[in-house]
Protein chains: 2
Amino acid sequence: MARPRKYDHDEVVEKMTLAFWERGYNGISMDDIGRITQLNRGSIYNAFGDKRALYLLALETYAQQSYGGAAQLVQDAPSTEMAVRSLYQAAFKGLSGEQTRWGCLLCNAAVEVAPVDQEVSDTVKKYLGLLSRAFVTSLKVSSPEASDASRVKNVAEQLTASYVGFNIMARAGVSTACLQRVSESAIDMTLVKQ
Amino acid sequence: MARPRKYDHDEVVEKMTLAFWERGYNGISMDDIGRITQLNRGSIYNAFGDKRALYLLALETYAQQSYGGAAQLVQDAPSTEMAVRSLYQAAFKGLSGEQTRWGCLLCNAAVEVAPVDQEVSDTVKKYLGLLSRAFVTSLKVSSPEASDASRVKNVAEQLTASYVGFNIMARAGVSTACLQRVSESAIDMTLVKQ
DNA sequence: TGAGTTATTGACTGTTCGGTCAACAAACAT
DNA sequence: ATGTTTGTTGACCGAACAGTCAATAACTCA
């Protein structure tokens, strides 16, 4: 019925996710987007709307994969200790090669975009909340006898905050040794019995 | 010998620190700077060099006050518990009114500027390191009998990561209740004995 | 084959960006 | 008074910015 696209929609989103992740929203121009996707301006606007819409799409895609995956990982682990262990193991795998200084797109969005874009702010809160709830679930299973619900929630949110801090520090260029210590102490945190 | 300045140098830096803190490096234009400081472009360039130099000055000033102050606070506290308590008490004081969504300029710089500016990256690492070392000092004093040096270092860096995460979450617009839980669990962390 | 629909192309727009500069003003020393 | 030095003013610059659009191309269906 009409002319078909000559590019893969998801592939474009994937490429732009990586670009926004590395350089941020303001670090990528429409010219950059054209170069990266090998698409002309018109095609981009025709397919995605505008720069902000493309960013929102990239952010949602990333968060779904990264935080959705992490939450699943945490909930499926046999214990909270193992959950945090595999969470940071995955994080370190991502922090290799050229991505060493990228941090986490959602955390970066929290700083650069969330304060001036309600929708981004909502997305950030949604996926941080998802991770926190996964920790709560894991903690309840891991030590059902353990302390009251309020303490469980506190620890869960501490683990989330610490994970966010970890990613920011990675983006700042903090040494791998230091990041390793942060992850180790996060694991230790789950071993504490009251 | 020459014409005197008609403005206060430190006052200008102070104003620009607040502006960069709220809106980020890319969120402030030279026109904004002119409006905020009530100075003409020429005066700004004459006095500070360029936008980057002014940002570096604002960042260093902020970090000195905020992280230098925090490190002092932590080291002077009678125990690590009290140290973390007063650190977050101070943080919450800053998170009131219009500054609720500002987070921390150093953490914001880590995300937005550090990856593309070595000097900013160095400043961020320097002051995060300062805070971590203050925690180490406090932990050693607070529980001298306690576990080995490596564990102390781990906990110290965990407290730093968690403080960074706290600030990012504040900027993202996470609820005060949630931030309160993060601070409470950070305090709890210091009470753990092995 | 041609009508209808959607994608592609790349030039174009007006705006905003960081930064420069020549003219001018205000101070002090002689 | 006059020279020297430094600060101030605001117009100006080229580059980069996000976004638009008319012309054209590729496809399906009748």
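Chain identifiers are assigned alphabetically (A, B, ...) following the order of the sequence lines, protein sequences preceding nucleic acid strands; residue numbering begins at 1 within each chain.
Between B:N26 atom CG and C:dG18 atom C1' the separation is 12 Å, expressed in whole Å. The nearest whole Å value for the distance from the CG atom in A:L54 to the P atom in D:dG19 is 11 Å. Straight-line distance from the CE atom of B:M30 to the P atom of D:dG14: 20 Å, rounded to whole Å. Taking atom CD1 of B:I33 as the reference point, atom P of C:dT16 lies 17 Å away to the nearest angstrom. One interatomic measurement links the two molecules: OH of B:Y55 to P of C:dG18, which rounds to 14 Å at whole-angstrom precision. At whole-Å resolution of the value, NZ in A:K51 and C1' in D:dA16 are 12 Å apart.
The residues B:E119 and B:R52 are annotated as salt-bridged, a charged nitrogen and a carboxylate oxygen being separated by less than 4.0 angstrom.
Using a 4.5 Å cut-off on side-chain heavy atoms (C-beta onward), B:R23 and A:V116 make no contact.
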Please step through salt bridge (charged side-chain N to carboxylate O under 4.0 Å, His left out) for the pair A:K153 and A:E157, ending with a clear verdict. CA-CA 6 Å; A:K153 209 170 178 184; A:E157 259 148 20; 5.6 Å; no

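A parallel orientation is assigned to the rings of A:Y25 and A:F20, their planes being inclined by less than 30° (bins at 30° and 60°). Ring geometry, B:Y7 versus B:F48: the interplanar angle falls from 30° to 60°, so the pair is classed tilted.
In terms of phosphate contacts, B:S29 brings a side-chain nitrogen or oxygen within less than 4.0 Å of OP1 or OP2 of C:dC17.
Aromatic rings from A:F92 and A:F166 are positioned such that their centres are separated by under 6.0 Å.
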Quick one, give me the B/S/- string for nucleotides 4-13 of chain C, reading 5' to 3', where B means a protein heavy atom under 4.0 Å from the base and S means that only happens at the primed atoms, P, OP1 or OP2. BBBBSBBB--

